[in-house]
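These numbers come from a predicted model, not from an experiment.
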Amino acid sequence: MGFFSAIKTCYKKSFTFSGRATRSEYWWFALFQALLVFGIYAWFISYLLANPQILEELTYSGTLPAGYMNNFWIITAAYFLLFFMPSLSAMVRRLHDTDRSGWWYFIMFVPLIGGIWMLVLLCLPGSNGRNTYGPDPLGPRRRLNDHPALMGQMDPEIKAAMREQQQADFKEYYKSRVLPQIQQNKAARGV
C-alpha cells in the first residue's frame, strides 16, 4: 500500500475498529500525521513570531488572549477527528493484524517500557492467513515453511540436484568475480 492510499484508507476507517491493517498502511499514515503535526507547529510558531502582541500577552499572563481561547473547543474537536480517532483505529487494526486484541493499546501506559513494547508490537509482521480478526489484508502469502529447503526430509534426488546447482553457482561466481579481482590486485602490487 502506498502513501496516499494509506491516508485515504485510514481516514475512511476512522471509526472502524474491526479488521486488520498492514504495516505499510499504519506506518505511512503515522508518517503523514507526523509531517502534518510538524507543519502545524511550524505554522503556529511563525504566526506567533509574526504577531509580537500575542507573544507579549503570553509572556506576561501565561495564557493566550481571550479571543484565542474561544476557539479552544473547535481546535480540540478538530484534533480529535483529524488525528486521534484515525490514529487509534489504525493502531487497533494494526494490533489485530498481529493477532492481538485492541486492548493491547493500553500497554503504552506502562512506565518506561510500555512505549517501546508498543513500538515492537506495531513493527511485527502480520499473521499469515485468516486470524481471529479477519482475513489477511495482503492476501495469500508464501509462508517461510513452504520453502523446499525448510520442509524437513526432502527427496534425496532433489537435494542432490540443488546441491550441484549451488556448487555450480559458487564456481561461476568465483570465476567471474573473485578470480579477476585477485589477479587485478596481484598486477597492481607487481607480484
Side-chain angles (χ1 to χ4, degrees), residues 1-46 71-155 158-159 161-163 165-166 169 173:
M1 178 172 288
F3 183 70
F4 294 108
S5 60
I7 295 166
K8 185 178 171 184
T9 302
C10 286
Y11 276 116
K12 274 185 181 177
K13 296 181 176 182
S14 290
F15 296 98
T16 304
F17 292 92
S18 60
R20 297 166 64 174
T22 62
R23 279 189 288 187
S24 61
E25 178 183 338
Y26 178 77
W27 288 109
W28 279 125
F29 186 67
L31 175 66
F32 166 73
Q33 283 196 321
L35 293 174
L36 197 60
V37 166
F38 178 76
I40 289 170
Y41 283 147
W43 172 82
F44 185 69
I45 289 171
S46 65
N71 298 327
F72 176 75
W73 294 111
I74 295 170
I75 292 170
T76 303
Y79 170 80
F80 185 76
L81 291 173
L82 292 175
F83 293 104
F84 181 72
M85 285 309 293
S87 178
L88 178 65
S89 69
M91 189 177 293
V92 167
R93 287 184 286 110
R94 179 73 201 113
L95 288 169
H96 286 176
D97 193 39
T98 62
D99 210 11
R100 287 176 177 77
S101 168
W103 292 105
W104 276 88
Y105 171 79
F106 294 105
I107 199 75
M108 288 193 314
F109 299 112
V110 173
L112 300 175
I113 64 164
I116 297 168
W117 196 343
M118 179 56 81
L119 179 66
V120 169
L121 290 177
L122 293 172
C123 290
L124 290 174
S127 58
N128 287 329
R130 186 170 189 78
N131 70 12
T132 312
Y133 302 100
D136 193 345
L138 295 177
R141 292 184 271 179
R142 184 174 185 172
R143 294 191 322 262
L144 185 62
N145 296 346
D146 289 345
H147 192 277
L150 301 175
M151 290 179 68
Q153 294 296 327
M154 285 182 20
D155 184 16
I158 295 174
K159 204 176 216 179
M162 287 176 68
R163 188 174 295 122
Q165 181 62 42
Q166 190 177 37
D169 290 344
Y173 181 82

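- Cys10 and Ala90 make their closest contact through SG-CB, 4.0 Å (heavy atoms, listed as atom of the first residue, atom of the second, distance).
- To the nearest 0.5 Å, atoms CG (Asp99) and OG1 (Thr132) are separated by 4.0 Å.
- Sparse packing is recorded around OH of Tyr173, with 12 or fewer heavy atoms of other residues, nucleotides or ligands lying under 6.0 Å away.
- Judged by distance alone, with hydrogens and angles left aside, the side-chain atoms of Gln33 form a donor-acceptor pair with the main-chain N or O of Phe83 at under 3.5 Å.
- Taking CG from Leu36 and CG from Leu31, the interatomic distance works out to 11.0 Å, rounded to the nearest 0.5 Å.
- Distance check: Leu35 CG to Phe32 CZ gives 8.5 Å after rounding to the nearest 0.5 Å.
- Between the side chain of Arg20 and the main chain of Tyr133, no donor-acceptor pair closer than 3.5 Å is present.
- The distance from atom OG of Ser127 to atom NE2 of His96, rounded to the nearest 0.5 Å, is 11.5 Å.
- Applying the ring pair (Phe, Tyr, Trp, His ring centres under 6.0 Å) rule to Tyr26 yields no partners; only residues at least two apart in sequence or on another chain are considered.
- Annotation for Ser24 and Ala6: closest pair O-CB, 4.4 Å, computed over non-hydrogen atoms.
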Return all side-chain donor-acceptor pairs below 3.5 angstrom for residues 102-122, not counting sequence neighbours, or 'none' if the list is empty.
none

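- Nearest heavy-atom pair, Thr22 versus Leu138, reported as atom, atom and distance to 0.1 Å: CG2-CD2, 3.6 Å.
- A distance below 6.0 Å separates the ring centres of Tyr11 and Phe29.
- Among all heavy-atom pairs drawn from Ser89 and Ser14, the shortest one is OG-O, 3.2 Å.
- Using a 4.5 Å heavy-atom threshold, the side chains of Phe17 and Met85 count as touching.
- Under a 3.5 Å cut-off, the side chain of Asn131 and the backbone N or O of Thr98 do not form any donor-acceptor pair.
- Taking CE of Met91 as the reference point, atom CZ of Arg94 lies at 11.0 Å (rounded to 0.5 Å).
- Leu124 has its side chain within reach of Arg100: a pair of non-hydrogen atoms, C-beta onward, lies under 4.5 Å apart.
- In this structure Leu81 satisfies the side-chain contact (heavy atoms from CB on, under 4.5 Å) test together with Phe15, sequence neighbours excluded.
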